[in-house]
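Here the structure comes first, spelled out in structure tokens, and everything after it is commentary.
Everything numeric here is computed off the predicted structure, so don't read it as measured data.
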Amino acid sequence: MRLLTFNTLMRGEVRSRLRVLAATLEGGDYDVVCLQEVMFRAHAVLLRRIAPSYGFHACTGAVMLKGGLLVLSRLPIVASRFVRYPVTRPMRRELVMRKGVQVATVQTRAGTLAVVNTHLSANHDDDWSAGNRHTPMQRTEARRLAEVVSGLDPALPVVVAGDLNLPRSSPVLAELLAAAGLRDARAGDEEPTFRPTSRFPAPPALDHVLLRPGLTARTRLVFKAPVDLSGGRRAHLSDHYGIEADVTAA
């Protein structure tokens, strides 16, 4: 199964960028796509209209999508559910996103697979040390994510994908991997998944693909180059790069 995870960026020429993304997905060979920051159902409808080969989807919410999460799939989705993260301090604007976990059970050619799409709250201090004010918040969300994954059928292969807002050096990420019985498909890779800027010239990898034992994945970063938008403008698809993963049985 070929999977993509991508934070689409919820501000700045959103519909123009989503149109290009949808056309790219339609011309690509992904089986399952996990998207974050798709804020409105209207945006999900736009993506599905331009990429009709993804005949199955999982999202929650009538107007705003809970968590900003959308799973698109060319493979049948036989069940889905959303689990919200606990509301914790510090107070922050992203609380309106009702962040959480979108679980989609997908019927692949090799059997049933659970795809867990998620987006944890951000650490706007860019400091992931134990004493930072955001660490308890991220730890609470990571523990809920671990509970969701651990609650899935132990015999079910599981892929967790998304913008975890945690670098590989974070103790919270290490705790998540241990508690949920997951491994990092890109362990040891130092390439950033957040696009470097003058404000943040050396960002870490914040987006991840995590696997339950029994699965393996070859991964690479995608969507790194600018694209042509309507009106002749060029821009990046997002402030993040995507991660493409070829997931197979180990």
Exercise. Could you state the interatomic distance from CD (Gln138) to OG1 (Thr88), rounded to the nearest 0.5 Å?
Worked result: 9.5 Å

Problem set entry | Euclidean distance, Arg143 CZ relative to Glu147 CD, rounded to 0.5 Å | 9.5 Å

Note, [X] side chain near [Y] side chain (heavy atom, < 4.5 Å):
X      : Y      : value
Thr248 : Leu215 : no
Phe223 : Thr24  : yes
Val149 : Leu176 : no
Val160 : Leu182 : yes
Arg212 : Pro157 : no
Leu72  : Val32  : no
Glu13  : Arg233 : yes
Val63  : Arg41  : no

For this session: Establish, yes or no, whether the cationic atom of Arg74 lies under 6.0 Å from the six-membered ring centre of Tyr54 and within 45° of the ring axis.
Result: yes

Problem set entry | Lys NZ or Arg CZ of Lys99 over Tyr85 ring: under 6.0 Å, within 45° | no

Kindly work out whether a path of hydrophobic side-chain contacts (I/L/V/M/F/W/Y, heavy atoms less than 4.5 Å apart) joins [X] to [Y].
X      : Y      : result
Ile243 : Leu211 : yes
Leu210 : Val116 : yes
Leu221 : Phe6   : no
Leu237 : Val33  : yes
Phe200 : Leu120 : yes

Using a distance-only test with no angle check, is there a side-chain donor-acceptor pair under 3.5 angstrom linking [X] and [Y]?
X      : Y      : value
Gln102 : Thr118 : no
Asn117 : Gln36  : yes
Glu244 : Tyr30  : yes

Exercise. Hey, is CZ on Arg183 packed in by over 12 heavy atoms from elsewhere, all under 6.0 Å?
Worked result: yes

Exercise. Which residue, Val106, Ile77, Val78, forms the side chain to side chain contact (heavy atoms under 4.5 Å, CB included) with Phe56?
Worked result: Ile77

Exercise. Given Leu46, which of Val38, Leu18, Val14 fulfils the side chain to side chain contact (heavy atoms under 4.5 Å, CB included) condition?
Worked result: Leu18

Side-chain donor/acceptor of [X] to backbone N/O of [Y], under 3.5 Å:
X      : Y      : result
Thr135 : Ser129 : yes
Thr5   : Gly162 : yes
Ser150 : Ala146 : yes
Trp128 : Asn165 : yes
Ser73  : Pro76  : no
Arg17  : Arg11  : yes
Arg195 : Ser238 : yes
Arg144 : Val83  : no
Glu26  : Ser53  : yes
Asp163 : Asn7   : no

If you take all heavy atoms of [X] and [Y], which pair is closest and at what distance?
X      : Y      : value
Ile50  : Ala23  : CG2-N, 3.8 Å
Pro196 : Pro192 : CG-CG, 4.3 Å
Arg186 : Asp184 : N-OD1, 2.9 Å
Leu173 : Pro167 : CD2-O, 3.5 Å
Thr216 : Ala249 : CG2-O, 4.2 Å

Problem set entry | Option among Asp207, Thr193, Thr8 that satisfies the side chain to side chain donor-acceptor pair (under 3.5 Å) test with His240 | Asp207

Exercise. Taking only residues two or more places apart in sequence or in another chain, which ones pass side chain to side chain donor-acceptor pair (under 3.5 Å) with Arg139?
Worked result: Glu175

For this session: Would you please test Leu156 and Thr112 for side chain to side chain contact (heavy atoms under 4.5 Å, CB included) and show each step?
Result: CA-CA 7 Å; Leu156 194 64; Thr112 307; 3.8 Å; yes

Exercise. Is the shortest side-chain N to carboxylate O distance from Asp228 to Arg234 below 4.0 Å?
Worked result: yes

